[in-house]
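Scroll down for the structure; my scribbles are underneath it.
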Amino acid sequence: MDTIASLFSFITIPVSWVIVQFHSVYGKVFGADTGWAWGLSIVSLVILIRICLIPLFVKQIKATRAMQTLQPEMKKIQERYKNDKQRQSEEMMKLYKESGTNPLSSCLPILAQSPFFFALYHVLNGIATGKTIGVIDDQLLASARKAHIFGAPLAAKFTDSADKVTQLGATLMDVRVVTAIMIVLMSASQFYTQRQLMTKNVDTTVKTPFMQQQKMLMYVFPVMFAIFGINFPVGVLVYWLTTNVWTMGQQMYVIRNNPTPGSKAQAAFLERLQKHVLHHGKTRSRGQRAVVKAIVAKGRDRNEFERKFINALTKAGLAAQTDGTIGKGEATAVAETEDGTQTTGGAPRRQQPKRQSKSQRQSGSAKAAGESEPKSTPLSLSKSDEPEDAEPAAKPAGGGGNKPSTGTRSKAQSGQRKGPQRPKSPSKK
């Protein structure tokens with residue numbers, strides 16, 4: 001560890017200068033030789049570094065979102081080459097190269113703050129060995145060696161001997177108890193950060209090698225911190241615990257306000273957004289409008305949670321607009337037109353007729369049938385001089401007779417020959 005820290009010795013001067021400046025401020029409040037002054041100086045150093053790393057964090061979020069847009073293509077590659085892992089990896093790397101994304105972009109903040117971490121370790125190791133380093137002179141060195149955090153010296157380690165701890169003005173039990181608690185908290189915060197990322201902010205419908213890598217890191221990182229933590233000075237443990245807590249809070253903020261599409265966090269976010277929109281009728285922030293705009297732009301490619309959100313707005317008479325705002329739906333615009341008020345929505349839909357009851361339909365059908373009856377009877381083929389009240393002549397036996405006067409062709413009865421029939425001889429009187 002000392003060899004690695006010496007590689008970043010060129011950063012020890014700015015790191016030690018920042019610590020001294022913060023110490024001069026906190027020393028006036030808590031005392032120059034107290035652990036609060038030196039401990040808060042280290043915490044302030046972490047906060048300053050993480051603020052400077054916010055642009056990298058934003059770049060990390062954008063790269064993560066770019067990876068999410070590739071999830072459908074990655075799923076196709078996974079299904080196509082499910083029996084050939086080597087070809088699957090090659091196609092994945094080809095997809096990353098074509099889209100310009102990097103699956104290791106999530107490690108950028110950690111890699112960027114590593115030099116500051118090792119520089120701080122180099123400074124604290126110099127304090128533990130009684131060597132001036134950076135801008136820390138003999139007076140500041142003596143003050144830092146007297147500083148204790150909950151009874152443990154700032155430069156003490158879990159693996160230090162009892163004689164060395166005694167020289168720093170503490171007991172071995174105090175040092176090991178404090179360092180053990182800090183190591184446990186450091187590992188637990190790292191595990192929780194990775195776990196909430198994997199369980200709440202990941203689209204579980206698509207499984208990729210990147211997800212498997214993140215799942216592995218969720219268990220590997222805490223173990224690594226626990227192993228290397230016993231060799232860290234108390235001041236470095238304060239630094240690393242603070243940066244883990246910052247990362248955890250930052251991750252919780254991102255998951256709550258900008259979740260991954262298709263994740264459980266997005267379902268909870270859209271549920272909260274739905275309640276707010278139904279109550280107020282509009283989105284309240286630029287981030288919410290950006291999320292709604294992205295959902296509208298997806299069209300038919302929306303996931304289950306996004307379709308549920310759009311359907312809830314439609315049932316409430318609202319509609320998501322292309323600019324991310326919430327407007328009134330078409331049904332609401334039609335209702336306001338009927339009331340005589342002015343609407344700003346789209347064109348009203350055609351009104352559907354009311355459904356009639358069975359009795360109304362029957363009465364309407366009977367009325368239509370009565371109106372459709374012809375007023376004049378059709379012309380007959382032969383004139384008849386018989387009065388209307390005369391009885392019809394009896395049909396002769398054998399089925400012969402005059403044709404009906406309706407003008408339609410009669411069908412041949414069963415057993416009769418088709419075609420014209422020979423007239424029978426008149427009967428003798």
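Small disclaimer: the values here were computed from a predicted structure and weren't measured.
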So which heavy atom on [X] is nearest to which on [Y], and how close?
X	Y	answer
L278	A312	CD2-O, 4.3 Å
L270	F309	O-CD1, 3.9 Å
M248	Q196	O-NE2, 3.5 Å
S187	P222	OG-O, 3.3 Å

Atom pairs and distances, side-chain donor-acceptor, residues 15-22, under 3.5 Å, sequence neighbours left out:
unit_1: S16; atom_1: OG; unit_2: T12; atom_2: O; d: 2.8
unit_1: S16; atom_1: OG; unit_2: I13; atom_2: O; d: 2.9
unit_1: S16; atom_1: OG; unit_2: V135; atom_2: N; d: 3.2

Contacts of [X] that satisfy side-chain hydrogen bond (donor to acceptor under 3.5 Å, both in side chains) - sequence neighbours left out:
X	answer
Q251	none
T166	none
D137	none

Residues that K298 engages under salt bridge (charged side-chain N to carboxylate O under 4.0 Å, His left out), provided they are two or more places apart:
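By the salt bridge (charged side-chain N to carboxylate O under 4.0 Å, His left out) rule, K298 matches E306.
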
Can you name the salt bridge (charged side-chain N to carboxylate O under 4.0 Å, His left out) partners of R80, sequence neighbours left out?
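Result, salt bridge (charged side-chain N to carboxylate O under 4.0 Å, His left out) vs R80: none returned.
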
Spacing of [atom1] belonging to [X] relative to [atom2] belonging to [Y], to within rounding of 0.5 Å:
X	Y	atom1	atom2	result
L40	I149	CG	CD1	8.5 Å
R176	I183	CZ	CD1	11.0 Å
N257	R272	CG	CZ	7.0 Å
S189	W240	OG	CH2	10.5 Å
Q88	E79	CD	CD	10.0 Å
T159	K164	OG1	NZ	8.0 Å

Counting only heavy atoms not in [X], do more than 12 fall under 6.0 Å of its [atom1]?
X	atom1	answer
E90	CD	yes
F150	CZ	no
W36	CH2	no

Taking ring pair (Phe, Tyr, Trp, His ring centres under 6.0 Å) as the definition, give me every residue that meets it alongside H279, ordered by chain and number, with sequence neighbours left out.
none

Kindly write out the residues that satisfy ring pair (Phe, Tyr, Trp, His ring centres under 6.0 Å) with Y26, not counting sequence neighbours, or none if the list is empty.
none

Start with the C-alpha gap between Q194 and Q190, add the side-chain angles, then the distance that decides, and say whether side-chain contact (heavy atoms from CB on, under 4.5 Å) holds.
CA-CA 6 Å; Q194 289 294 121; Q190 179 67 31; 3.9 Å; yes

Under 4.0 Å between a side-chain nitrogen and a carboxylate oxygen: does that hold for R87 and E91?
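Yes, charged N to carboxylate O under 4.0 Å.
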
Would I133 and H122 count as a side-chain contact (heavy atoms from CB on, under 4.5 Å) if you check the C-alpha gap in whole Å, the side-chain angles of each, and the deciding distance to 0.1 Å?
CA-CA 8 Å; I133 187 170; H122 195 49; 3.2 Å; yes

Say whether S161 and D163, considering side chains only, have a donor N or O and an acceptor N or O under 3.5 Å apart.
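The criterion, which ignores hydrogens and geometry beyond distance, is not satisfied for D163 and S161.
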
Test of understanding: with side chain to side chain contact (heavy atoms under 4.5 Å, CB included), list the residues that count as partners of [X], not counting sequence neighbours.
X	value
R145	I127, L141, L168
V245	L241
E271	K275

Show me the donor-acceptor pairs, under 3.5 Å and distance only, between side chains in residues 280-297 and residues at least two apart or in other chains.
unit_1: S285; atom_1: OG; unit_2: Q288; atom_2: N; d: 3.4
unit_1: Q288; atom_1: OE1; unit_2: R284; atom_2: N; d: 3.0

Candidates T171, V177, L172 - the one meeting side chain to side chain contact (heavy atoms under 4.5 Å, CB included) with D174:
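Exactly one candidate clears the test, T171.
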
Given 3.5 Å as the limit, does a donor-acceptor pair link the side chain of T325 with the main chain of Q321, or not?
no

